[in-house]
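Only heavy atoms go into these numbers, but all of them, side chains included; no hydrogens, no water, no symmetry mates. The sequence lines fix the lettering, A, B, ..., with proteins before strands; numbering per chain opens at 1.
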Amino acid sequence: MKQSFLPTMGALLVCAALLGGPALWARLGDARRTQLVTARPVTAGALDEDARAIPVLYELHAGSTCTDPDAPAELPEPDPAELCAEAADPLAALAEAGVISDREKAGLDALLARTPDQYSRGADGSQQTLSLLWFGETTTAGLYLTRQAATGVYVSYSLPVGGDLDGETRLRTWLALLGMDGLGDWETADTDVPDTTALYSAKARATVCCTSGEDWLYLELRKGQSTF
Amino acid sequence: MYPVLVVDDEAPIAELISITLSQIGLPCVQAHSGSEAADLIETRKFDLILLDVMLPDVDGFELMDYIRPTGTPVIFLTARTAVDDRVRGLKLGAYDYIVKPFAAPELLARVEGVLRHAGRRDTLLRAWDVVVDPEARTAAKNGVPVPLTPHEFDLLLALLHNRGITLYRSALLELVWGMDAEPSNRTLDIHMSRLRRKLGWDDHIRTVPRVGYMLEEEETP
Amino acid sequence: MTFSRKLTLGILLLLCLTLSLGGGWTIDRNLDFALQRAQTQNAALHQRERSALEQALRTDGARNTVAAARTVLDYAAELQSAVGAQPFYFSVLDEQGTTLYSSLPAAVRYAAQRGAIAAGARQLSYTAEGSARYMLLASPLQGSLDGLWLVSAYDVAPLYAERDRQLRQYFLLETAALVLAGAAAALFSRRMTRPLRALQTAARSMAQGAYDRRVPVCGQREFDALGQDFNQMADAVESRMDALRQESARQSRFVAAFTHELKTPMTSILGYADLLRMGEQPAERRRQAADYIYHEAGRLETLSRSLLQLLGLEQEQIVLAPVAVRLVFGDVRRSLPEDFPATICTDCDPQAVVLAQRSLLGDLVRNLVLNAANSGPKDGAVHLGCRRQGDGWELTVSDTGCGMAAQELPRITEPFYMVDKSRARRAGGSGLGLSLCAEIARLHGSTLTFVSEPGRGTTVSLHLKEGRE
């Protein structure tokens with residue numbers, strides 16, 4: 001009897017100890033959980049953090065598209081020389097980055113040397129526009145630049161030169177200029193329109209597109225995934 | 001004083017018992033079968049019955065039932081050593097039992113014992129004017145007690161048990177002093193002369209030269 | 001420990017282990033899932049708060065820390081009044097670690113906030129203080145002022161509380177389950193092992209000598225098979241015991257009879273020898289004594305010779321060869337003494353040839369002839385016969401003597417058994433003659449058959465196989 005008593009008690013004690021098992025496991029788990037640093041779930045529709053850190057992209061998404069009703073549509077008459085000088089800087093940056101070729105840059109410089117026939121500055125929501133026009137015998141050359149008011153970064157160019165580089169090259173070099181090429185997921189987007197190239201980044205949730213012809217070029221940074 | 005009935009189907013054994021008992025003056029009647037024994041019991045009276053249990057026609061134990069009413073004491077003779085047989089016999093009313101093979105002294109001792117116990121006979125041995133009580137180990141001549149040493153008494157008994165027979169010296173030595181003792185012949189002669197003197201039996205105890213000693217029988221008138 | 005107890009405890013332990021491991025794992029996983037859901041939810045909430053705060057900062061156009069702090073304060077106040085009682089725990093820190101605003105509870109220490117900021121905008125962390133548990137998310141606030149971080153804290157203590165509640169509930173459940181299972185297992189295993197206990201009891205009583213114990217059927221197939229085997233074994237043991245007992249009884253009887261046959265002549269020999277060496281006996285007595293000694297010794301000699309032969313035969317295997325029966329009869333006739341009281345009449349088929357051992361068969365016939373002669377045949381003859389029986393031969397020895405009663409017949413071949421003791425003794429018989437004949441018959445693969453009628457006579461017959469030349 002005594003011989004079987006000990007193993008029986010032993011077995012029952014083991015059972016009792018095992019009953020406390022789940023609680024013990026939980027405590028051990030808690031120690032682990034409270035020290036945990038884990039990946040944050042990605043909220044659907046949120047902008048990637050890296051993209052967010054780039055001011056131009058943040059401004060792109062956060063900026064309002066509503067026109068301030070109080071702001072005048074057209075600002076007071078600017079000085080054409082001033083405007084040309086203002087336009088020269090971004091264009092120089094483009095040429096230096098390799099978005100436009102030297103020949104194109106020369107063409108633009110030539111244009112800017114002349115006084116524009118029409119010139120204006122505008123505000124469109126959180127963006128500011130700059131427009132210069134030169135009338136010619138047969139053609140009219142126009143220069144339109146749009147930039148973000150908050151960051152001062154130019155987000156669209158419409159230039160009366162073109163034809164030297166292919167669209168993708170222009171876009172890639174432009175991304176480098178903008179500092180957005182670090183995101184690394186700029187992919188070619190489908191465009192049904194000929195002469196148009198577009199790159200889309202899921203992280204940035206933005207598209208850069210380039211439409212070019214023989215002597216005209218259009219570059220734009222847009223929010224979201226554009227259809228053409 | 002009635003005779004002893006010896007019942008055994010083996011004639012030699014019955015004869016042997018008969019001879020031994022007659023030495024001490026007990027007459028015997030032999031029966032060699034159970035039916036013969038039954039007839040004798042019916043017609044005659046006996047002081048003692050010696051009964052062999054393995055009789056051919058009748059079971060010795062059954063014969064007991066027949067004997068019991070007569071009140072005659074019975075000694076069983078058996079070759080079986082099984083305890084339950086002996087107990088059975090004793091329970092049925094036998095006084096004692098003897099296991100075969102037996103030696104003459106043992107037989108005599110049993111018989112004397114039973115006769116004394118049953119009060120059937122006195123077992124006193126008588127020779128001339130001497131009376132010997134084997135039980136009390138006393139001897140008296142003309143009523144006067146005669147002091148005898150144990151060895152002397154045993155010698156006397158041996159002589160009385162073998163009246164008329166010349167006992168060999170070696171036999172006497174064995175009977176009185178036992179098988180292991182080694183007394184000299186001189187001892188025997190000395191004891192015998194002392195016995196003669198004490199009992200006054202110089203004539204009755206005869207020396208047979210180079211053979212032994214004999215106690216004479218009394219002439220029957 | 002009994003088997004049923006081992007079974008019960010084993011089941012109990014196994015159940016306990018399974019339940020504990022399973023329960024512990026499940027409840028833990030539940031908490032992890034709940035925390036994951038909370039993470040997703042809180043990440044979205046945090047994103048919204050972040051956007052709202054960024055928008056507020058943007059609108060106010062804060063350009064320095066102080067202005068930003070004011071903006072945040074305004075925002076928090078507005079939130080409070082708009083949403084009401086539900087607390088939003090957050091703090092805004094700048095790069096140097098200055099706290100612009102904080103509505104975090106005391107449980108969320110400054111070090112934890114710094115840790116959350118260090119973890120970055122792609123991760124989240126936890127902090128625990130006492131029984132308080134908070135999930136921390138930190139993200140940079142984008143805007144005109146660089147280096148501002150929003151740290152949100154979400155209370156996950158309810159999840160832990162729920163987990164604890166589940167643990168308690170499970171504990172009770174497990175205890176109840178174990179108690180029930182234990183009881184059921186104990187009961188069940190006792191029921192199951194009842195047939196085993198019955199078997200155990202039967203085996204034990206058998207070991208103590210009750211060989212008639214058997215196990216009843218109980219209905220479980222495995223146990224029934226075992227029970228049947230046990231019963232068969234018990235039967236075998238019982239019959240073996242009976243056989244041994246009979247054998248032992250037979251041997252006891254033999255020893256008892258032999259002892260008696262031995263002691264009786266010994267008594268005579270010893271007694272008479274003793275008589276002779278005591279003293280000078282009368283001549284007639286001497287002669288008789290010597291005569292008895294001689295005859296009894298002769299009895300002993302016959303007894304020992306027959307016994308040795310009998311014992312020797314029991315050990316033996318003999319070689320059988322074809323033997324002509326008439327030759328055997330001739331041997332027997334020649335072996336008889338001159339003054340044999342009976343005449344031998346032979347009626348033997350001359351073709352009779354049997355498989356036998358010549359001398360042994362002769363001994364058999366001779367013994368039967370002696371017995372027949374001793375029975376005192378009225379016509380003074382012993383008849384020997386041999387005729388065809390089936391595919392063998394039948395030998396017969398018959399007489400017209402005193403015969404034997406029917407109840408004697410089964411016992412006559414027993415050693416030392418004598419029908420008429422006195423007659424046998426007179427003839428110097430030892431009671432072993434027929435035992436020897438029976439043994440010889442057995443060695444020849446046959447048995448003796450006795451037909452007898454008291455007062456009319458006896459016929460002994462023996463069947464032997466045909467022996468081809």
Please state whether the side chain, the backbone, both or neither of [X] comes within less than 4.5 Å of a heavy atom of chain A.
X: C:Thr175; result: both
X: C:Leu15; result: neither
X: C:Asp164; result: side chain
X: C:Arg133; result: side chain
X: C:Tyr134; result: neither
X: C:Leu13; result: both
X: C:Gln39; result: both
X: C:Arg163; result: side chain
X: C:Leu21; result: both

So for atom [atom1], which belongs to [X], do other residues, nucleotides or ligands contribute more than 12 heavy atoms lying within a distance under 6.0 Å?
X: C:Tyr110; atom1: OH; value: yes
X: C:Arg204; atom1: CZ; value: no
X: C:Glu129; atom1: CD; value: yes
X: A:Glu96; atom1: CD; value: no

Could you give the distance from [atom1] ([X]) to [atom2] ([Y]), rounded to the nearest 0.5 Å?
X: C:Leu167; Y: A:Trp25; atom1: CG; atom2: CH2; answer: 12.0 Å
X: A:Cys15; Y: C:Leu17; atom1: SG; atom2: CG; answer: 9.0 Å
X: C:Tyr126; Y: A:Gln35; atom1: OH; atom2: CD; answer: 12.5 Å
X: C:Met135; Y: A:Thr34; atom1: CE; atom2: OG1; answer: 13.0 Å

Between [options], which residue shows the highest count of heavy-atom pairs closer than 4.5 Å to chain A?
options: C:Asn42, C:Asp32, C:Thr26; answer: C:Asp32
options: C:Ile27, C:Thr127, C:Leu137; answer: C:Leu137
options: C:Ala121, C:Ser125, C:Ala128, C:Ala119; answer: C:Ala121

Got [X] and [Y] here, is their nearest side-chain heavy-atom distance under 4.5 Å?
X: C:Glu54; Y: A:Arg52; value: yes
X: A:Leu18; Y: C:Leu19; value: no
X: A:Pro41; Y: C:Leu124; value: yes
X: C:Arg122; Y: A:Val42; value: no

| field | Closest contact, heavy atoms only, C:Ser20 versus A:Pro22 | value | O-CG, 3.6 Å

| said: Out of A:Leu19, A:Leu36, A:Thr151, A:Val37, return the one with the most heavy atom pairs under 4.5 angstrom to chain C. | reply: A:Leu19

| request: Select, from A:Pro55, A:Gly20, A:Ala53, the one with the greatest count of heavy-atom pairs under 4.5 Å involving chain C. | output: A:Ala53

| message | Under a plain distance cut-off of 3.5 Å, with no hydrogens placed, do C:Ser139 and A:Arg40 share a side-chain donor-acceptor pair? | response |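 Present: a donor and an acceptor within the cut-off.
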
| field | Salt-bridge contact A:Arg27-C:Asp28 (side-chain N to carboxylate O under 4.0 Å) | value |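 No, A:Arg27 and C:Asp28 are not salt-bridged.
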
